[in-house]
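Each ligand, and each atom within it, is numbered from 1 in the order the structure gives.
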Amino acid sequence: MSTAAGSTNRSQNAAGVQAPPRLDLRAATGGGLFEYAPAPESVRPAIADRYGLFINGRFTDPTSSKRFTTINPATEATLSEVAEANEADVDAAVRAARDALPAWAGLPGKERGKFLYRIARRLQERARELAVLETMDGGKPIKESRDVDIPLAAAHFFHHAGWADKLQYAFPGREPRPVGVCGQIIPWNFPLLMAAWKIAPALACGNTVVLKPAETTPLTALRLAEICDEIGLPPGVVNIVTGAGATGAAIVNHPGIDKIAFTGSTEVGKIIAKAVAPTHKRLTLELGGKSANIIFEDASIDQAVEGIIEGIYFNQGHVCCAGSRLFVQESVLDRVIGKLKDRMSTLRVGDPLDKNTDVGAINSKAQLATIGKYLEIGSKEGAERHDCGTADLPGKGYFCRPCFFTGVQPSHTIAREEIFGPVLAVMSFRTPEEAISRANNTPYGLAAGVWTDKGSKIFDTARRLDAGVVWLNTYNKFDPTSPFGGFKESGFGREGGRHGLLAYLA
Ligand code: NAI
Ligand code: MG
């Protein structure tokens with residue numbers, strides 16, 4: 001490989017030594033180095049023309065007969081018609097969950113655990129079908145649904161299956177009792193995984209549930225309903241009702257619900273908090289974020305850039321803990337920006353079902369419009385946008401070229417508000433103090449990343465960041481044994497780990 005076509009963009013490192021010229025990979029190879037032959041996923045799971053509501057162990061038609069379509073955001077093709085549950089349907093689901101509660105809560109933990117193990121194994125057995133369906137319904141790249149979403153969903157059931165008969169050891173001195181009927185409302189960014197995060201701990205602790213998936217991504221939750229039926233889960237323990245905001249509100253406001261668990265926008269989280277405040281219901285909220293990644297000058301820059309890419313372009317940036325603000329120590333800013341540009345030029349944007357695709361489709365037309373609005377505001381307020389330079393975007397479907405902004409001020413809208421797309425705001429800092437105070441200068445507090453070679457700096461910085469999760473020299477790593485949740489307007493309560501069980505025990 002020749003370096004002759006490398007750009008002349010030079011930068012100085014901390015010691016004032018001039019760095020070698022940066023290689024422009026695309027120019028050097030005529031743009032061809034990272035072109036892969038298409039590798040489309042060949043499996044196509046069966047999708048019914050229409051789906052009912054899963055209530056009391058059976059698929060039933062909605063009382064209103066109303067349905068809505070779910071589409072594939074990469075092609076705009078309709079995938080299926082899904083039932084829209086109204087208050088009467090939600091009431092039927094809550095009653096089924098209430099009726100099932102005494103027997104389920106009364107089962108020895110070991111027996112409840114067996115059901116969870118069965119669900120976990122069935123998720124593994126049907127993993128490929130579920131991964132393709134997740135990608136078709138939501139737009140995320142198949143390599144993510146295959147390697148992240150579905151395996152982690154199974155892992156959550158395995159993990160909580162193990163807890164089911166050990167709850168008395170989790171919290172010594174306490175007699176673990178279930179909360180009761182749990183209403184669970186989830187978003188579209190990790191559809192099956194969020195269902196697993198909600199259902200697995202609830203069931204392990206002896207609760208029964210009514211879960212509502214997001215309106216743009218209901219199909220894998222409906223598959224999970226099928227799996228509950230296949231493995232012989234007692235009817236009513238898991239009920240899945242589909243619909244949009246009104247269906248969610250019917251769950252929140254139903255007097256027969258003992259606990260609400262919600263993941264979604266801060267705006268809806270606040271509405272739910274108000275609705276639940278005067279009632280007996282317990283509440284956990286996992287809301288938005290504007291998480292900061294901090295790169296210190298002593299960090300391994302290549303490793304950091306890889307993590308930054310993972311942090312903002314993973315799942316098209318549809319991640320509540322996306323590392324959407326990047327703070328770079330001034331002495332390495334040019335190097336980081338140069339490497340970011342190089343690495344971004346290799347990202348493949350396009351068909352989510354292609355196994356080589358890095359960045360898939362934006363989940364919905366509405367979300368694409370939201371991201372577009374922020375891109376416009378970013379430029380208008382004076383920041384400079386750098387687009388990812390891969391080939392043309394597909395003609396159909398909702399796609400957005402990943403990009404980052406430089407010249408961003410803390411007061412800029414793109415530095416303050418959650419965009420939920422593949423858009424990174426790059427800023428610089430001089431001292432660790434400045435990095436920490438600027439990272440904390442946000443109403444959110446979900447996650448953060450710290451990149452440095454120094455162990456003491458890692459622990460000092462992590463301790464002072466107001467974030468539920470702080471990743472050190474890595475980013476966006478999830479594990480069922482590790483609690484996840486926010487500070488401030490990112491919500492309260494934890495999911496996963498031993499802490500996550502608390503939300504489902506009285
Ligand atoms: P949303 O908060 O409206 O939707 C999340 C879930 O809440 C869906 O299942 C929806 O049907 C349900 N819902 C909507 N209104 C409700 C209500 N009044 N009562 C009960 N449930 C209700 O989020 P949306 O509109 O899809 O996305 C808007 C923005 O929210 C995104 O741009 C992003 O910034 C943020 N968001 C954050 C997520 C996270 O993981 N923290 C997930 C999804 C969105
Ligand atoms: Mg869809």
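Within a 6.0 Å radius of NZ in Lys477, more than 12 heavy atoms belonging to other residues, nucleotides or ligands are found. In the displayed structure, Lys373 atom NZ is contacted under 6.0 Å by more than 12 heavy atoms of other residues, nucleotides or ligands.
With contacts defined as side-chain heavy-atom distances shorter than 4.5 Å, the pair Leu375/Cys403 qualifies. Contact check for Leu326 versus Leu340: side-chain heavy atoms found under the 4.5 Å cut-off.
Near Pro187, with a cut-off below 4.0 Å to any heavy atom, the atoms of ligand 1 are 42 (C), 43 (C). Of all atoms in ligand 1, listed by their number and element, those nearer than 4.0 Å to a heavy atom of Leu287 are 41 (N). Taking every non-hydrogen atom of Glu418 and a distance limit under 4.0 Å, the qualifying atoms of ligand 1 come out as 33 (C), 34 (O), 35 (C), 37 (C). Shown in contact with Phe262 at under 4.0 Å from a heavy atom are these atoms of ligand 1, numbered in order with element: 2 (O), 6 (C), 7 (O). Set against the non-hydrogen atoms of Ala244, the atoms of ligand 1 under 4.0 Å away are 11 (O). Each of the following atoms of ligand 1 lies closer than 4.0 Å to a heavy atom of Gly248: 19 (N), 20 (C), 21 (N). Remark: ligand 1 atoms within the under-4.0 Å shell around heavy atoms of Ala214 are 9 (O). Short contacts between ligand 1 and Cys320, defined as distances under 4.0 Å to a heavy atom of the residue, involve ligand atoms 39 (C), 40 (O), 41 (N).
Under 2.8 Å from the Mg ion (ligand 2) lies an N/O/S atom of Ile71, whether from backbone or side chain. Among the backbone and side-chain atoms of Thr70, an N/O/S atom is found under 2.8 Å from the Mg ion (ligand 2).
Under 4.0 Å from ligand 1, the heavy atoms of Asn189 that appear belong solely to its side chain. Of all the heavy atoms of Ser265, the ones lying under 4.0 Å from any atom of ligand 1 are found in both the backbone and the side chain. Proximity of Glu215 to ligand 1, defined as any heavy-atom pair under 4.0 Å, is confined to the side chain (atoms from C-beta onward). The proximity of Gln367 to ligand 1, defined as any non-hydrogen pair under 4.0 Å, is limited to the side chain.
A salt bridge links Lys198 with Glu495: the closest approach of a Lys/Arg side-chain nitrogen to an acidic carboxylate oxygen falls below 4.0 angstrom. Under a 4.0 Å N-O distance rule, the pair Asp99/Arg95 does not qualify as a salt bridge. Between Asp91 and Arg98 there is no salt bridge, since no side-chain N of the basic residue sits under 4.0 Å from a carboxylate O of the acidic one.
The line from CD of Glu41 to CZ of Arg146 is 8.0 Å long, rounded to the nearest 0.5 Å. The CG atom of Leu192 sits 4.5 Å away from the OG1 atom of Thr220 when rounded to the nearest 0.5 Å. Distance CD1/Ile251 to CG/Leu211: 7.5 Å, rounded to 0.5 Å. Atoms CZ and CD1, on Arg463 and Ile436 in that order, are 8.5 Å from each other to the nearest 0.5 Å.
Here the protein heavy atom with the shortest distance to atom 19 (N) of ligand 1 is Ala249 N, 3.5 Å. What sits closest to atom 12 (C) of ligand 1 on the protein, heavy atoms only, is Ile185 CG2, 3.7 Å.
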task = List the steps and the verdict of salt bridge (Lys or Arg N to Asp or Glu O under 4.0 Å) for Asp147 and Lys355.
result = CA-CA 11 Å; Asp147 298 345; Lys355 293 169 199 161; over 6 Å; no

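Considering Asp137, Thr70, Ile186 as possible partners of Thr217, the one that fulfils the side-chain contact (heavy atoms from CB on, under 4.5 Å) test is Asp137. Screening Trp197, Trp163, Phe190 for a ring-ring contact (aromatic ring centres under 6.0 Å, His included) involving His156 leaves a single residue, Trp197.
In terms of polar-atom proximity, Thr263 is not counted as a contact of ligand 1, lacking any N or O under 3.5 Å from an N or O of the ligand. Residue-to-ligand polar distances place Gly264 within reach of ligand 1: an N/O pair is separated by less than 3.5 Å.
In this structure, atom 26 (O) of ligand 1 has protein heavy atoms in its sub-4.0 angstrom surroundings. Of the protein's heavy atoms, none falls inside 4.0 Å of atom 4 (O) of ligand 1.
By the 4.0 Å heavy-atom criterion, Thr370 is excluded from the residues contacting ligand 1.
Without hydrogens or angle criteria, Thr242 side chain to Glu84 main chain gives no donor-acceptor distance under 3.5 Å.
Summarising the contacts of atom 13 (N) of ligand 1 with Gly421, Gly245, Gly288, the nearest heavy atom is found in Gly245. Nearest to atom 37 (C) of ligand 1 by heavy atom, out of Trp188, Phe420, Phe190, is Phe420. The option from Asn253, Ile186, Thr217, Val268 that lies nearest to atom 22 (C) of ligand 1, judged by heavy atoms, is Val268.
Centred on the Mg ion (ligand 2), the O atom of Asp137 and the O atom of Thr216 lie at an angle of 90°, reported to 10°.
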